[in-house]
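Worksheet for the structure shown next.
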Amino acid sequence: MNKSIAWRSPSNIAIIKYWGKYGNQLPINPSISFTLSKAHTETIIHYEKKEKNNKVELEYLFENKKNEAFEKKVKIFIESIMNDFLYLKEYKLKIESKNSFPHSAGIASSASSMSALALALVDLEQQIEGKKYSENEFLQRSSYFARLGSGSASRSVFSQVALWGATKAQQESNQEYAISINETLHQNFKNYNDTILIVDSEQKKVSSRAGHALMNTNPFAEARKIQANKNTEKLLKVLKNGDLDSFVEICENEALSLHAMMLSSTPWYSLLKPQTLVAIEKIKNFRESTKIPVCFTLDAGPNIHILYSENNKEKVREFISAELMQNMPEARIINDKMGKGPQKIY
Ligand code: DP6
């Protein structure tokens, strides 16, 4: 195969959490995330003409090695979108993908990998089928297909801050794709820092997919939907007015509510580790004693994302190494920050 296309796409950290879905990957509530910078996936698609048919011909390499599990997942995804990208019936693909972060870091990679794949597929559509999308159309279409691959991936297509899911508080918000909400972002959030404290890098025992499904029978599901909608409305205001104390409140409320949903599912499960609880307690104490508006959020896992503004960087980083990482010999950190979004490599 001598033709190829390559995209780099970042991971994102949700402040308002997507948890629970229905229909074809539609979210029960809106979510808002910060797009990251360092944590990203690079995806190359090599392509070559084949005999026209409805069968996906695909080879998938992850970090230079054949990966049957990923190949199967991507094959099912590509099969499901074949009628949207007609060139897929006439071309066979070899996809190579690699992450900037170690696979064992416990960072969810579906957002970066599925967004990189969707961007490359839509770009290839322009290249092969001669379609011409405006920048907005291109990003929207990529976000739409990224969502079908993994819900959180829909948000990674945009720089800085993205909103996925319909809310009456934001015009143009949509269930089927994310939108950028950068235009009105307050200066306080520019270059916002996210230090990821990796306390445990084991693969999680319950997948996000299974976690989302458990929301169907969670007795607090309706209350969670109301809470997430209210928090979305509040956060949209805070992102405009720069009120960092309110940001802290909303952000931690969302993180803990996400884990509360796991604890109150039947069967229940917990992805928190003792070190997670120790760390979040320390962050709270540090904030209360210094009045620095630093806060945490959690993904569906035990690792902690510590969020703080650029002007508090020095003090917070000192706290992280001097206090937070004490008695955690196994812990590692990745200093990431809000990023510029995906990039075409070639
Ligand atoms: C806790 O996007 O991984 O990270 O749509 O099944 O692929 P699928 O789920 P996924 O769920 C992410 C859940 C979360 C919160 C968030 O990113 O909004």
Side-chain angles (χ1 to χ4, degrees), residues 9-36 39 41 69-70 72-74 76-77 80 99 105-118 143-158 161-165 167 173 175-179 181 194 196 203-216 218 221 224-225 227-229 231-232 235 250-263 265 269-272 276 296-305 307 336:
S9 189
S11 184
N12 69 72
I13 179 65
I15 310 301
I16 306 293
K17 308 291 180 182
Y18 147 54
W19 201 239
K21 55 178 160 178
Y22 65 94
N24 192 8
Q25 287 279 102
L26 296 168
I28 285 182
N29 60 265
S31 57
I32 296 177
S33 59
F34 289 174
T35 298
L36 295 177
T41 299
F70 286 171
K72 200 172 152 207
K73 207 176 154 198
V74 172
I76 292 172
F77 170 62
S80 74
N99 293 338
I107 298 180
S109 60
S110 69
S112 53
S113 61
M114 279 303 176
S115 55
L117 181 60
S143 175
Y144 176 96
F145 287 104
R147 175 201 114 229
L148 294 178
S150 176
S152 54
S154 66
R155 299 181 309 238
S156 273
V157 164
F158 298 97
V161 198
L163 161 72
W164 170 41
T167 163
S173 57
Q175 289 290 84
E176 297 188 327
Y177 50 82
I179 61 169
I181 48 171
D194 177 2
I196 308 164
Q203 214 183 352
K204 57 190 175 203
K205 288 182 202 78
V206 182
S207 68
S208 282
R209 180 171 299 219
H212 286 293
L214 284 169
M215 283 306 281
N216 296 335
N218 189 303
R224 166 64 196 146
K225 185 175 164 184
Q227 178 198 40
N229 273 284
N231 280 342
T232 299
L235 185 62
I250 298 164
C251 185
E252 293 188 351
N253 179 244
E254 279 291 310
L256 295 172
S257 299
L258 168 71
H259 286 267
M261 290 302 110
M262 300 175 198
L263 292 169
S265 295
Y269 68 107
S270 169
L271 300 177
L272 301 170
T276 316
F296 65 83
T297 189
L298 306 162
D299 247 342
N303 302 321
I304 300 132
H305 289 249
L307 303 172
D336 211 336

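Order of appearance sets the numbers: ligands from 1, and atoms from 1 within every ligand. Every heavy atom of this structure was used, including side-chain atoms; hydrogens, water molecules and symmetry mates were not.
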Output yes when the distance from some N or O of ligand 1 to some N or O of [X] is under 3.5 Å, and no in every other case.
| X | result |
| --- | --- |
| Asn12 | no |
| Ser150 | yes |
| Arg209 | no |

Mutual orientation of the aromatic rings belonging to Trp164 and Tyr18 [parallel < 30°, tilted 30-60°, perpendicular > 60°]: perpendicular
Close-contact set for ligand 1 against [X] heavy atoms, below 4.0 Å:
| X | value |
| --- | --- |
| Ala14 | 16 (C), 17 (O), 18 (O) |
| Ser110 | 3 (O) |
| Lys21 | 5 (O), 6 (O), 8 (P) |
| Asp299 | 4 (O) |
| Gly151 | 2 (O), 5 (O), 7 (O), 8 (P) |
| Ser152 | 2 (O), 3 (O), 10 (P), 17 (O) |

Passing option when Ile32 is tested against Thr167, Ile181, Asn12 for side chain to side chain contact (heavy atoms under 4.5 Å, CB included): Ile181
Result of checking Met262, Lys205, His259 against Tyr269 for side chain to side chain contact (heavy atoms under 4.5 Å, CB included):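 Between Tyr269 and the candidates, side chain to side chain contact (heavy atoms under 4.5 Å, CB included) is satisfied uniquely by Met262.
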Ligand 1 versus [X]: contacting region, heavy-atom distance under 4.0 Å:
| X | answer |
| --- | --- |
| Ser208 | side chain |
| Met261 | neither |
| Leu258 | side chain |

Heavy atom of Arg155, distance to ligand 1 below 4.0 Å: yes
Modelled atom types, side-chain donor and acceptor of Asn253 and Gln227, under 3.5 Å: yes
Donor on one side chain, acceptor on other, Thr41 and Ser113, under 3.5 Å: no
Side chain proximity check, Trp19 to Glu254, heavy atoms < 4.5 angstrom: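 Result no, sub-4.5 Å side-chain heavy-atom pair not found.
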Tyr144 vs Val157 side-chain heavy atoms within contact, under 4.5 Å: no
Minimum heavy-atom distance Leu163-Ser173, with the two atoms named: CD2-CB, 3.7 Å
Considering all heavy atoms, the nearest Ser110-Ala153 contact: O-CB, 3.9 Å
